[in-house]
Asks: 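Handing you a structure now.
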Amino acid sequence: MPPRDPEATKARIFDAATREFAAYGIAGARVDRIARNAQANKQLIYAYFGDKEQLFHQVLEKAMVHVADAVSTDIDDLDRWVDQHIDYHRAHPEFLRLLMWEALELGQEGASAGETRTARYLDKKVKVDSAQQRGLIRADLPPGHLLMLLMSMINYPAAVPQVRGFLLGPDGDPERARAVIKDAVRRIAAPGEDAADTR
């Protein structure tokens with residue numbers, strides 16, 4: 001029998017738990033199903049991660065780290081920034097599903113608020129503020145509000161594919177959608193000479 005590899009076991013558990021939570025949420029997820037799909041002992045999951053909600057928080061934190069490694073917070077090049085986000089969500093649809101389950105089941109009060117996540121959002125706002133100060137994007141909106149507008153345009157079609165299907169058709173051209181989003185982001189974020197700073 002090969003020696004136990006705790007890190008490999010944890011990686012399998014994270015992978016299985018990510019799929020489970022993305023599909024069923026926290027309430028609907030089953031630890032025994034995670035254990036079976038991860039080829040791990042159910043008691044090991046509790047030993048490594050605590051209860052089901054604690055496991056969810058750790059899965060979401062790990063997903064945040066993965067996004068941070070894959071998508072830049074540098075917003076100087078808007079087209080590149082949009083492309084990276086769209087590409088990530090297409091390759092990893094489970095990420096937005098995890099965020100939606102967090103919103104539905106935990107709300108803002110129970111949301112994962114680890115140091116990594118907090119620092120990530122702060123870094124995003126700092127990068128937006130820096131681009132505003134340098135005149136690269138509009139400065140008449142607070143960085144957080146501007147970022148929410150831009151992220152909403154990118155994330156909403158990926159988060160609710162059924163709505164996208166009703167509006168764009170089941171065979172809507174994804175590259176056409178990408179071009180429309182990029183154009184809208186450029187227009188909304190464009191610096192305006194006469195815009196009053198309302199921050």
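Note: hydrogens, waters and symmetry copies are ignored here, and every other heavy atom, side chains too, is used.
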Asks: Please report the shortest heavy-atom distance between Arg120 and Val71, naming the atom on each side.
Replies: NH2-O, 2.8 Å
Asks: Quick one: NE2 on His85 to CG on Asp87, what's the gap to the nearest 0.5 Å?
Replies: 11.0 Å
Asks: Are Lys182 and Asp83 packed together at the side-chain level, in the sense that at least one heavy-atom pair is separated by less than 4.5 angstrom?
Replies: yes
Asks: Hydrophobic cluster membership, with links at side-chain heavy-atom distances under 4.5 Å among I/L/V/M/F/W/Y: are Val160 and Phe166 in one?
Replies: no
Asks: Taking everything shown except Gln108 itself, do over 12 heavy atoms lie less than 6.0 Å from its CD?
Replies: no
Asks: How long is the gap from CD on Glu61 to CD on Gln58, to the nearest 0.5 Å?
Replies: 9.0 Å
Asks: Ignoring hydrogens, what is the shortest heavy-atom contact between Arg187 and Asp183? Give both atom names and the distance.
Replies: NE-OD2, 2.8 Å
Asks: Calculate, to the nearest 0.5 Å, the distance between atoms CG and CD1 belonging to Asp129 and Ile75 respectively.
Replies: 11.5 Å
Asks: Does Glu20 use its side chain to pair, donor to acceptor, with the backbone of Val31 at less than 3.5 Å?
Replies: no
Asks: Has the side chain of Gln39 got a donor or acceptor atom that lies under 3.5 Å from a matching backbone atom of Arg12?
Replies: no
Asks: Hey, is CE on Met148 packed in by over 12 heavy atoms from elsewhere, all under 6.0 Å?
Replies: no
Asks: Return yes if some donor-acceptor pair links the side-chain N/O of Arg117 with the main-chain N/O of Ser112 below 3.5 Å, else return no.
Replies: yes
Asks: Can you give me the closest heavy-atom contact between Ala63 and Phe95, atom names plus distance?
Replies: CB-CD1, 3.8 Å
Asks: Does the side chain of Gln54 come within less than 4.5 Å of Phe49's, by heavy atoms?
Replies: no
Asks: Would you name the heavy atoms of Ile34 and Ala16 that are closest together and state the gap between them?
Replies: O-CB, 3.7 Å
Asks: Does any N or O in the side chain of Glu105 come within less than 3.5 Å of the main-chain N or O of Glu102, such that one atom is a donor and the other an acceptor?
Replies: no
Asks: Any side-chain to backbone donor/acceptor pair from His66 onto Lys62? Under 3.5 Å, distance only.
Replies: no
Asks: Give the cluster check for Met151 versus Leu78: same hydrophobic cluster or not, with ILVMFWY residues linked at side-chain heavy-atom distances below 4.5 Å.
Replies: yes
Asks: Got Arg176 and Leu168 here, is their nearest side-chain heavy-atom distance under 4.5 Å?
Replies: no
Asks: Mark yes when over 12 heavy atoms from residues, nucleotides or ligands other than Arg90 sit less than 6.0 Å from its CZ; otherwise mark no.
Replies: yes
Asks: Any donor and acceptor pair, going by atom type alone, linking the side chain of Asn37 with main-chain N or O of Arg33 inside 3.5 Å?
Replies: yes
Asks: Looking at Ala189, is its backbone amide N or carbonyl O close enough to the side chain of Arg138 to form a donor-acceptor pair, meaning the two atoms are under 3.5 Å apart?
Replies: no
Asks: If we count only N and O atoms by modelled type, under 3.5 Å, do the side chains of Lys127 and Thr73 hold a donor and an acceptor together?
Replies: yes
Asks: How long is the gap from CD1 on Ile13 to OG1 on Thr18, to the nearest 0.5 Å?
Replies: 11.5 Å
Asks: Measuring only between side-chain heavy atoms, which start at C-beta, is Phe21 closer than 4.5 Å to Glu94?
Replies: no
Asks: Hey, is Arg36 close enough to Asp32 for a salt bridge, meaning N to O under 4.0 Å?
Replies: no
Asks: Find out whether Asp76 and Ile137 are in side-chain contact, i.e. whether some heavy atom of one side chain is under 4.5 Å from a heavy atom of the other.
Replies: no
Asks: If you group Ile, Leu, Val, Met, Phe, Trp and Tyr by side-chain heavy-atom gaps below 4.5 Å, do Leu44 and Phe14 land in one group?
Replies: yes
Asks: Do Val67 and His92 touch side chain to side chain, with heavy atoms closer than 4.5 Å?
Replies: no
Asks: Side chains of Leu106 and Phe56: does their closest heavy-atom pair fall under 4.5 Å?
Replies: yes
Asks: Tell me yes or no: between the side chains of Ser130 and Arg134, is some donor less than 3.5 Å from an acceptor?
Replies: yes
Asks: I'd like to know if Val128 and Leu149 are part of one continuous hydrophobic network [Ile/Leu/Val/Met/Phe/Trp/Tyr, side-chain heavy atoms within less than 4.5 Å].
Replies: yes
Asks: Minimum heavy-atom separation for Ser152 and Pro157, please, with both atom names.
Replies: O-CD, 4.1 Å
Asks: Does the Arg178 side chain pair with the main chain of Pro174, one donor and one acceptor, at a distance under 3.5 Å?
Replies: no
Asks: What's the separation between atom NZ in Lys124 and atom CG in Leu146, rounded to the nearest 0.5 Å?
Replies: 13.0 Å
Asks: Is Ile154 reachable from Val163 through a run of hydrophobic residues whose side-chain heavy atoms are each under 4.5 Å from the next?
Replies: no
Asks: Is there a side-chain contact between Leu96 and His89 in this structure, where contact means two heavy atoms from C-beta onward sitting under 4.5 Å apart?
Replies: yes
Asks: Quick check against the 3.5 Å criterion: does Trp81 have a side-chain atom that pairs as donor or acceptor with the backbone of Asp74?
Replies: no
Asks: Does Lys52 use its side chain to pair, donor to acceptor, with the backbone of Arg30 at less than 3.5 Å?
Replies: no
Asks: Enter the distance from His145:NE2 to Lys125:NZ here, rounded to the nearest 0.5 Å.
Replies: 9.0 Å
